[in-house]
Amino acid sequence: MCGIVGYIGNRNDVGSLLLNSLKKLEYRGYDSCGVAGISDREILVKKDIGKIEEVDKKLDFSSVKGSIGIAHTRWSTHGGVTKENAHPHLSNNKKIAVVHNGIVENYQELRNFLKENGFSFYSSTDTEVIPNLIEFEMRNGKNFEKATIDALRKIEGSYAVLVLNADEKKLIAARKGAPLVLGAADDGHFVSSDIPSFIEHTKDVTYLHDGDVIIFGNSLKIFNLLEDKEVIRPVDTVEWNIEQAMKGNFDHFMLKEISEQVETIQRAVEQDKSIIFEIVQQIKEAKGIFFVACGTSYHACLTASYLFSKIAKMHVNVVVASEFPSYEHFLTDKTLVIAVSQSGETADVLEAVKTAKNKNSKIISLVNVMGSSLHRYSDQSLMMHAGPEICVVATKTYTSQLAILTLLIYALVGKYEEGKKELKYLWNLIYNLTSANIRERIKQLSERLKDSNHIFLIGRGLQYPTALEAALKIKEVSYIHAEGFSGGELKHGTIALIEQGTPCIVFVSEENEKEIISNAIEIKTRGGYIIGVASKNNEVFDFYIKVPEVGNTNPIAQIIPIQTLAYQLATLRGFDPDRPRNLAKSVTVK
Ligand code: F6R
């Protein structure tokens with residue numbers, strides 16, 4: 001998803017400062033990038049398609065001098081991947097520059113209106129209406145601040161925007177429905193889509209609310225469009241540091257984050273007990289429980305639904321967030337909606353929460369990003385405490401979600417301490433699951449699988465969502481077609497695709513060993529190459545990955561080797577696992 005960052009302060013090297021910040025936003029996924037600064041009351045824009053490193057080599061972002069500037073990584077939604085569509089975008093008089101994350105839903109209407117008023121457009125983006133609308137307002141005699149506020153009021157949709165004005169040498173930042181954080185450093189202010197882009201300069205951050213407009217002048221003021229008044233937002237201190245957000249000795253963030261699970265699962269389990277028990281109470285009081293999430297977070301919820309059934313003998317609904325509106329008829333003020341999202345900014349999840357709020361349902365969330373929209377919209381939140389997850393694909397946050405949800409379900413049946421004990425036992429085993437030995441073993445498998453056209457994965461019960469998540473991991477980074485099935489389901493159609501040597505990963509647990517091995521035999525009989533993820537070897541396996549049997553925490557243990565497999569398949573096939581094509585870290589559009 002697009003990333004934006006701006007700086008205003010005392011330094012005179014805004015171009016190189018923003019270049020450094022932009023690199024920290026690369027993980028969000030992008031296809032073009034750009035920087036703008038002010039030189040002699042003119043705006044200097046440098047932008048193009050391609051990786052930051054390539055574009056910088058060509059255009060030299062550091063040659064943008066001065067103490068005020070904005071920058072952007074674009075993940076295209078409206079308009080193709082072209083230099084013209086890259087941000088920043090200028091107003092017709094070239095005095096205003098804008099970078100934007102989000103979608104201006106009424107841009108066609110605004111564009112037609114501006115065209116009727118003599119404006120020309122040079123890109124096919126929705127964003128270009130913003131600087132021109134501000135210019136239009138200024139032509140009517142308003143100053144930059146008033147013009148920007150009035151223009152923002154006319155925009156429907158979502159945005160995090162940074163607006164630069166050459167004449168007044170001013171910066172304005174605003175958000176509605178897309179993330180934006182302010183960082184106050186000793187020598188100036190940063191405003192960005194995400195904290196890693198400025199954490200080396202400051203740990204003092206302010207999370208902006210929807211409708212907030214920051215006007216950077218002699219002093220800084222925040223005006224809220226929805227409340228129609230000036231507001232004060234608290235300053236928070238982030239707990240993690242730049243090393244945690246950076247790669248360290250690892251080749252990729254994905255591998256670093258897989259390895260971090262030794263600690264992140266531990267942190268997830270060391271939750272504030274009182275919040276767990278408050279949520280337990282709400283679960284008990286609720287009439288109807290819905291889990292909503294997308295992608296990997298959805299798989300964590302699906303796993304939780306099996307645990308609710310197995311441990312608490314309780315039914316919960318699990319709905320992919322984008323499908324949630326179809327269920328709104330079942331929502332009342334007694335319904336509890338549990339929204340799970342790493343980023344807390346996934347548009348489909350936020351929309352589902354809005355639907356539930358309209359019905360006065362209670363919202364509980366499980367998020368990793370403090371101050372994210374979901375965190376703020378919820379009645380109560382549990383934090384994952386996994387630290388920043390930079391790789392686009394989710395690894396450590398998935399196992400944190402599983403650990404926290406497992407603990408919650410144990411607490412629900414009065415077995416909080418027992419749950420904690422099981423999870424503590426598990427985290428001691430994680431060292432081994434992320435060790436160099438296991439990586440070596442899985443490398444042999446990756447060599448065998450790297451040219452496969454398909455990989456199928458099966459599991460029963462708790463292992464079924466694991467098969468779905470493992471398939472997602474493999475396909476999103478290695479681009480090999482992978483599909484997860486419940487053990488019995490493959491033979492209802494897809495088994496037709498099994499040929500000599502087709503790989504099939506089989507997740508085995510003590511509970512379902514007999515049935516799943518029998519499914520593995522069915523596949524092997526048709527020529528399938530069977531990879532067993534199990535606590536003991538079996539003659540049907542052609543390749544065996546040993547994972548300890550840990551009962552209800554099997555889903556955490558069993559996914560880790562497959563995260564490693566996905567990572568290795570990607571690197572062996574020459575792909576960057578941190579930035580898979582077409583994917584974005586937080587999907588802030590519906
Ligand atoms: C997969 C992945 C995505 C996200 C999904 C939801 O590796 O990262 O499927 O899980 O986009 O994101 P969050 O959890 O931020 O709502």
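Atoms within each ligand, like the ligands themselves, are counted from 1 in listed order.
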Report the nearest protein non-hydrogen atom to atom 7 (O) of ligand 1: residue, atom name, distance rounded to 0.1 Å.
Glu476 OE2, 2.6 Å

For atom 11 (O) of ligand 1, what's the nearest protein heavy atom and its distance?
Val587 CG2, 4.2 Å

Closest to atom 16 (O) of ligand 1 by heavy-atom distance, out of Asp348, Val349, Thr346, is Thr346

Backbone, side chain, both or neither: what part of Val392 comes under 4.0 angstrom of ligand 1, heavy atoms only?
backbone

Can a salt bridge be assigned to the pair Lys396 and Glu389 using a cut-off of 4.0 Å between side-chain N and carboxylate O?
no

So which of Leu25, Leu22, Thr73 actually passes side chain to side chain contact (heavy atoms under 4.5 Å, CB included) with Ser197?
Leu25

Under the criterion side chain to side chain contact (heavy atoms under 4.5 Å, CB included), which of Thr434, Ile438, Val547 is the partner of Ile560?
Thr434

Atom 15 (O) of ligand 1: closest protein heavy atom, distance to 0.1 Å, is Ser343 OG, 2.6 Å

So which heavy atom in the protein is nearest atom 6 (C) of ligand 1, and how far is it from that ligand atom?
Cys294 O, 3.4 Å

Carboxylate-amine/guanidinium proximity below 4.0 Å for Glu260 and Lys256
yes

Is there at least one pair of N or O atoms, one from Ala394 and one from ligand 1, spaced under 3.5 Å apart?
yes

Ile531/Leu449 under side chain to side chain contact (heavy atoms under 4.5 Å, CB included): CA gap, chis, key distance, verdict:
CA-CA 11 Å; Ile531 300 135; Leu449 302 189; 4.1 Å; yes

Could you pull out all residues at least two apart from Thr296 that satisfy side chain to side chain contact (heavy atoms under 4.5 Å, CB included)?
Ala394, Tyr398, Glu469, Leu472, Lys473

Closest approach of any protein heavy atom to atom 3 (C) of ligand 1, naming residue and atom
Thr296 N, 4.1 Å

Looking only at distances, can you tell me whether any N or O atom of Gln342, backbone or side chain, sits closer than 3.5 Å to an N or O atom of ligand 1?
yes

Distance-only side-chain donor-acceptor flag, Arg175 / Ser373, under 3.5 Å:
yes

Any atoms of ligand 1 less than 4.0 Å from a non-hydrogen atom of Lys473? List them with their elements.
1 (C), 7 (O)

